[in-house]
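As C-alpha coordinates, the structure follows; a few thoughts come after it.
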Protein chains: 2
Amino acid sequence: MPRFTHPRLEDVPLDLALHALADPNRLAMVARLAATERLSCAHAAPCESIPKSTLSNHLKLLRAAGLIETTQAGREMINTLRRAEFDQRFPGLLDAVLANRPA
Amino acid sequence: MPRFTHPRLEDVPLDLALHALADPNRLAMVARLAATERLSCAHAAPCESIPKSTLSNHLKLLRAAGLIETTQAGREMINTLRRAEFDQRFPGLLDAVLANRPA
DNA sequence: GATAATAGTTCAATAATCCCGAACTATTAA
DNA sequence: TTAATAGTTCGGGATTATTGAACTATTATC
(Lines give C-alpha, C1' and ligand atoms only; values in the text may rest on other atoms or scores of the structure.)
Protein backbone atom coordinates (compact mmCIF):
# COMPACT_ATOMS: atom_id res chain seq x y z
CA MET A 1 0.00 0.00 0.00
CA PRO A 2 1.17 3.48 -0.76
CA ARG A 3 3.03 5.42 1.84
CA PHE A 4 2.47 8.95 0.70
CA THR A 5 5.10 11.59 0.35
CA HIS A 6 4.22 14.97 1.74
CA PRO A 7 6.04 18.03 0.47
CA ARG A 8 7.81 20.48 2.71
CA LEU A 9 5.64 23.57 2.76
CA GLU A 10 8.56 25.74 1.69
CA ASP A 11 8.61 23.78 -1.54
CA VAL A 12 4.96 24.46 -2.30
CA PRO A 13 4.50 27.37 -4.72
CA LEU A 14 1.59 29.72 -4.21
CA ASP A 15 0.12 28.83 -7.57
CA LEU A 16 -0.14 25.19 -6.63
CA ALA A 17 -1.83 26.02 -3.35
CA LEU A 18 -4.33 28.31 -5.05
CA HIS A 19 -5.00 25.78 -7.75
CA ALA A 20 -5.72 23.14 -5.14
CA LEU A 21 -8.21 25.45 -3.45
CA ALA A 22 -9.79 26.60 -6.71
CA ASP A 23 -12.18 23.70 -6.95
CA PRO A 24 -15.50 23.48 -5.13
CA ASN A 25 -15.12 19.83 -4.17
CA ARG A 26 -11.58 20.17 -2.93
CA LEU A 27 -12.39 23.33 -1.04
CA ALA A 28 -15.36 21.62 0.57
CA MET A 29 -13.07 18.84 1.70
CA VAL A 30 -10.60 21.31 3.14
CA ALA A 31 -13.44 23.01 4.98
CA ARG A 32 -14.60 19.72 6.41
CA LEU A 33 -11.10 18.87 7.53
CA ALA A 34 -10.76 22.32 9.06
CA ALA A 35 -13.81 21.56 11.16
CA THR A 36 -13.34 17.86 11.81
CA GLU A 37 -9.64 17.22 12.31
CA ARG A 38 -9.45 13.63 11.02
CA LEU A 39 -11.38 12.08 8.15
CA SER A 40 -11.04 9.01 6.01
CA CYS A 41 -11.08 9.66 2.27
CA ALA A 42 -14.68 8.61 1.90
CA HIS A 43 -15.78 10.75 4.84
CA ALA A 44 -13.86 13.72 3.52
CA ALA A 45 -15.91 13.63 0.33
CA PRO A 46 -18.32 16.51 -0.14
CA CYS A 47 -21.04 14.22 -1.48
CA GLU A 48 -21.78 10.63 -2.31
CA SER A 49 -21.98 11.09 -6.04
CA ILE A 50 -18.32 11.81 -6.59
CA PRO A 51 -16.46 8.74 -7.91
CA LYS A 52 -13.75 7.13 -5.85
CA SER A 53 -11.04 7.67 -8.42
CA THR A 54 -11.89 11.34 -8.71
CA LEU A 55 -11.87 11.69 -4.96
CA SER A 56 -8.53 9.98 -4.73
CA ASN A 57 -7.15 12.34 -7.31
CA HIS A 58 -8.46 15.41 -5.46
CA LEU A 59 -6.81 14.23 -2.28
CA LYS A 60 -3.56 13.65 -4.10
CA LEU A 61 -3.68 17.23 -5.29
CA LEU A 62 -4.40 18.51 -1.81
CA ARG A 63 -1.42 16.53 -0.54
CA ALA A 64 0.83 17.96 -3.24
CA ALA A 65 -0.29 21.44 -2.24
CA GLY A 66 0.79 20.81 1.34
CA LEU A 67 -2.78 21.16 2.55
CA ILE A 68 -3.34 17.70 3.95
CA GLU A 69 -1.42 14.83 5.43
CA THR A 70 -2.53 11.27 4.84
CA THR A 71 -1.57 8.33 7.00
CA GLN A 72 -2.72 4.78 6.90
CA ALA A 73 -4.77 3.35 9.75
CA GLY A 74 -5.87 -0.17 9.09
CA ARG A 75 -7.46 -0.15 5.70
CA GLU A 76 -8.45 3.47 5.92
CA MET A 77 -6.43 6.48 4.95
CA ILE A 78 -6.77 9.19 7.52
CA ASN A 79 -6.50 12.77 6.31
CA THR A 80 -5.70 15.77 8.43
CA LEU A 81 -5.25 19.40 7.55
CA ARG A 82 -1.68 20.67 7.84
CA ARG A 83 -3.06 23.90 9.09
CA ALA A 84 -0.27 25.27 11.24
CA GLU A 85 2.33 24.57 8.59
CA PHE A 86 0.20 25.91 5.78
CA ASP A 87 -0.64 29.04 7.74
CA GLN A 88 3.01 29.64 8.45
CA ARG A 89 3.87 29.24 4.78
CA PHE A 90 0.96 31.35 3.47
CA PRO A 91 -0.19 33.59 6.32
CA GLY A 92 -3.83 34.52 6.18
CA LEU A 93 -4.50 32.73 2.91
CA LEU A 94 -6.49 29.76 4.09
CA ASP A 95 -8.48 31.91 6.51
CA ALA A 96 -9.40 34.29 3.73
CA VAL A 97 -10.41 31.51 1.39
CA LEU A 98 -12.46 29.63 3.95
CA ALA A 99 -14.14 32.82 5.12
CA ASN A 100 -15.28 33.52 1.56
CA ARG A 101 -16.49 30.04 0.85
CA PRO A 102 -20.15 29.80 -0.15
CA ALA A 103 -22.43 28.24 2.44
CA MET B 1 -13.78 46.28 -31.90
CA PRO B 2 -14.90 44.35 -28.89
CA ARG B 3 -16.74 46.07 -26.10
CA PHE B 4 -16.12 43.73 -23.22
CA THR B 5 -18.72 42.50 -20.85
CA HIS B 6 -17.77 42.60 -17.21
CA PRO B 7 -19.57 40.38 -14.74
CA ARG B 8 -21.25 41.65 -11.64
CA LEU B 9 -19.03 40.59 -8.76
CA GLU B 10 -21.93 38.88 -7.04
CA ASP B 11 -22.10 36.53 -10.01
CA VAL B 12 -18.44 35.52 -9.70
CA PRO B 13 -17.99 32.26 -7.82
CA LEU B 14 -15.03 31.89 -5.50
CA ASP B 15 -13.64 29.02 -7.53
CA LEU B 16 -13.41 31.16 -10.62
CA ALA B 17 -11.65 33.92 -8.74
CA LEU B 18 -9.15 31.51 -7.22
CA HIS B 19 -8.57 29.83 -10.53
CA ALA B 20 -7.83 33.18 -12.13
CA LEU B 21 -5.28 33.93 -9.44
CA ALA B 22 -3.75 30.44 -9.52
CA ASP B 23 -1.44 31.19 -12.40
CA PRO B 24 1.93 32.93 -12.05
CA ASN B 25 1.50 35.10 -15.12
CA ARG B 26 -2.00 36.21 -14.29
CA LEU B 27 -1.09 36.85 -10.69
CA ALA B 28 1.89 38.92 -11.79
CA MET B 29 -0.44 40.99 -13.95
CA VAL B 30 -2.83 41.51 -11.08
CA ALA B 31 0.08 42.58 -8.90
CA ARG B 32 1.21 45.08 -11.51
CA LEU B 33 -2.28 46.47 -11.85
CA ALA B 34 -2.53 46.69 -8.07
CA ALA B 35 0.55 48.90 -8.13
CA THR B 36 0.05 50.79 -11.34
CA GLU B 37 -3.65 51.54 -11.69
CA ARG B 38 -3.93 51.61 -15.47
CA LEU B 39 -2.07 49.43 -17.96
CA SER B 40 -2.51 48.51 -21.59
CA CYS B 41 -2.55 44.80 -22.31
CA ALA B 42 1.04 44.77 -23.50
CA HIS B 43 2.22 46.73 -20.47
CA ALA B 44 0.32 44.47 -18.12
CA ALA B 45 2.31 41.49 -19.40
CA PRO B 46 4.73 40.00 -16.90
CA CYS B 47 7.40 39.49 -19.56
CA GLU B 48 8.11 39.99 -23.24
CA SER B 49 8.20 36.33 -24.12
CA ILE B 50 4.53 35.64 -23.59
CA PRO B 51 2.61 35.58 -26.90
CA LYS B 52 -0.11 38.10 -27.61
CA SER B 53 -2.86 35.54 -27.97
CA THR B 54 -1.96 33.94 -24.66
CA LEU B 55 -1.88 37.31 -22.98
CA SER B 56 -5.25 38.18 -24.44
CA ASN B 57 -6.64 34.94 -23.11
CA HIS B 58 -5.24 35.55 -19.63
CA LEU B 59 -6.84 38.96 -19.55
CA LYS B 60 -10.14 37.51 -20.66
CA LEU B 61 -9.98 35.12 -17.72
CA LEU B 62 -9.17 37.92 -15.30
CA ARG B 63 -12.16 39.84 -16.66
CA ALA B 64 -14.43 36.84 -16.22
CA ALA B 65 -13.22 36.55 -12.64
CA GLY B 66 -14.24 40.14 -11.95
CA LEU B 67 -10.65 41.10 -11.26
CA ILE B 68 -10.12 43.62 -14.03
CA GLU B 69 -12.05 46.04 -16.15
CA THR B 70 -11.01 46.73 -19.70
CA THR B 71 -11.96 49.79 -21.66
CA GLN B 72 -10.88 50.97 -25.02
CA ALA B 73 -8.79 54.10 -25.35
CA GLY B 74 -7.73 54.75 -28.89
CA ARG B 75 -6.21 51.56 -30.13
CA GLU B 76 -5.17 50.44 -26.71
CA MET B 77 -7.18 48.48 -24.21
CA ILE B 78 -6.75 49.91 -20.78
CA ASN B 79 -7.00 47.53 -17.87
CA THR B 80 -7.70 48.46 -14.30
CA LEU B 81 -8.11 46.37 -11.21
CA ARG B 82 -11.66 46.26 -9.84
CA ARG B 83 -10.20 46.30 -6.40
CA ALA B 84 -12.94 47.87 -4.33
CA GLU B 85 -15.60 45.67 -5.87
CA PHE B 86 -13.49 42.55 -5.63
CA ASP B 87 -12.57 43.29 -2.02
CA GLN B 88 -16.20 43.79 -1.15
CA ARG B 89 -17.14 40.50 -2.78
CA PHE B 90 -14.23 38.52 -1.33
CA PRO B 91 -12.99 40.39 1.75
CA GLY B 92 -9.33 39.89 2.50
CA LEU B 93 -8.76 37.44 -0.32
CA LEU B 94 -6.78 39.55 -2.74
CA ASP B 95 -4.73 41.05 0.06
CA ALA B 96 -3.82 37.60 1.34
CA VAL B 97 -2.90 36.35 -2.11
CA LEU B 98 -0.82 39.38 -3.02
CA ALA B 99 0.93 39.35 0.34
CA ASN B 100 2.00 35.77 -0.26
CA ARG B 101 3.15 36.28 -3.79
CA PRO B 102 6.80 35.38 -4.43
CA ALA B 103 9.10 38.32 -5.05
C1' DG C 1 -7.20 60.32 -48.44
C1' DA C 2 -4.22 55.76 -49.09
C1' DT C 3 -0.76 52.99 -46.85
C1' DA C 4 1.51 51.33 -43.15
C1' DA C 5 2.01 50.52 -38.34
C1' DT C 6 0.08 49.41 -33.90
C1' DA C 7 -2.76 46.99 -30.32
C1' DG C 8 -5.16 43.65 -29.58
C1' DT C 9 -8.90 39.81 -30.75
C1' DT C 10 -10.45 35.50 -32.73
C1' DC C 11 -9.79 31.06 -34.80
C1' DA C 12 -8.01 26.49 -35.20
C1' DA C 13 -4.91 23.04 -34.09
C1' DT C 14 -1.87 20.94 -30.88
C1' DA C 15 -0.59 20.12 -26.05
C1' DA C 16 -1.60 19.55 -21.43
C1' DT C 17 -5.21 18.39 -17.72
C1' DC C 18 -9.19 16.50 -15.74
C1' DC C 19 -12.60 13.01 -14.94
C1' DC C 20 -14.14 8.57 -14.12
C1' DG C 21 -14.90 3.46 -15.05
C1' DA C 22 -12.36 -0.71 -14.62
C1' DA C 23 -8.88 -3.33 -12.75
C1' DC C 24 -5.85 -3.73 -8.94
C1' DT C 25 -3.74 -3.90 -3.84
C1' DA C 26 -3.84 -4.20 0.91
C1' DT C 27 -6.24 -4.83 5.04
C1' DT C 28 -10.02 -6.60 7.92
C1' DA C 29 -14.25 -9.46 8.58
C1' DA C 30 -16.92 -13.89 8.14
C1' DT D 1 -10.20 -19.08 2.48
C1' DT D 2 -13.40 -16.17 0.80
C1' DA D 3 -15.62 -11.96 0.73
C1' DA D 4 -15.92 -7.21 1.80
C1' DT D 5 -13.91 -2.75 2.44
C1' DA D 6 -11.02 1.38 1.41
C1' DG D 7 -8.67 3.25 -1.48
C1' DT D 8 -4.97 3.58 -5.56
C1' DT D 9 -3.58 3.34 -10.34
C1' DC D 10 -4.26 3.07 -15.24
C1' DG D 11 -6.15 4.39 -19.64
C1' DG D 12 -8.97 6.78 -22.73
C1' DG D 13 -12.42 10.39 -23.63
C1' DA D 14 -13.65 15.11 -22.53
C1' DT D 15 -12.31 19.47 -21.30
C1' DT D 16 -9.09 23.37 -21.08
C1' DA D 17 -4.66 25.89 -22.25
C1' DT D 18 -1.33 27.62 -25.41
C1' DT D 19 0.04 29.77 -29.46
C1' DG D 20 0.82 30.89 -34.53
C1' DA D 21 -1.80 32.88 -38.19
C1' DA D 22 -5.29 35.62 -39.90
C1' DC D 23 -8.25 39.39 -38.79
C1' DT D 24 -10.23 44.18 -37.05
C1' DA D 25 -10.05 48.66 -35.62
C1' DT D 26 -7.54 52.69 -34.62
C1' DT D 27 -3.76 56.00 -35.27
C1' DA D 28 0.38 57.72 -37.83
C1' DT D 29 2.73 58.90 -42.08
C1' DC D 30 3.24 60.21 -46.69
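Here the structure is a predicted model, which is why all the values come from computation and not from measurement. Quick note on labels: first sequence line is chain A, next is B, and so on, each numbered from 1.
Look at CZ on R63(A): it is 12 Å from C1' on dT9(D), rounded to the nearest Å. Straight-line distance from the CD atom of Q72(A) to the C1' atom of dA26(C): 7 Å, rounded to whole Å. Atom CG in L16(A) sits about 10 Å away from atom P in dC18(C), given to the nearest Å. Put simply, CD1 on I50(B) is 8 Å from P on dT18(D), counting in whole angstrom units. Look at CG on N79(A): it is 8 Å from P on dG7(D), rounded to the nearest Å. Rounded to an integer number of Å, the gap from L59(A) CG to dC19(C) P is 13 Å. Put simply, CD on E76(B) is 9 Å from C1' on dT6(C), counting in whole angstrom units.
Side-chain contact between T71(A) and F4(A) is absent, with no heavy atoms from C-beta onward closer than 4.5 Å.
Under the 3.5 Å distance criterion, the side-chain polar atoms of N100(A) are matched with a main-chain donor or acceptor of P91(B). With hydrogens and angles disregarded, no donor-acceptor distance shorter than 3.5 Å links the side chain of R89(B) to the backbone of D11(B).
For dT9(C), one of the phosphate oxygens OP1 or OP2 lies less than 4.0 angstrom from a side-chain nitrogen or oxygen of S56(B). Residue S40(A) has no polar side-chain atom (N or O) positioned under 4.0 Å from OP1 or OP2 of dA6(D).
Judged by distance alone with a 3.5 Å cut-off, a donor-acceptor contact links the side chain of S53(A) to the base of dG21(C).
Listed candidates were dG21(C), dT10(C), dT6(C). Nearest to the side chain of R75(B) is dT6(C). The side chain of M77(B) approaches dG8(C) more closely than any other nucleotide in the set dG7(D), dT6(C), dG8(C). Checking dT18(D), dC19(C), dT8(D) against every side-chain atom of D23(A), the shortest atom distance belongs to dC19(C).
With the nearest nucleotide of DNA chain C identified for both G74(A) and K52(A), K52(A) has the one nearer the 5' end. Nucleotides of DNA chain C nearest to A73(A) and H19(A) differ in position, and the one nearer the 5' end is that of H19(A).
In the hydrophobic clustering of this structure, L39(A) does not group with L61(A); members are Ile, Leu, Val, Met, Phe, Trp, Tyr whose side-chain heavy atoms approach within less than 4.5 Å, directly or through other members.
Using a 4.0 Å heavy-atom cutoff across all strands shown, H58(A) reaches sugar-phosphate atoms only and no base atom. Residue-level contact check: N57(B) touches the bases, meaning some heavy atom is under 4.0 Å from a base atom.
A salt bridge links R83(B) with D95(B): the distance from a Lys NZ or Arg NE/NH1/NH2 to an Asp or Glu carboxylate oxygen falls below 4.0 Å.
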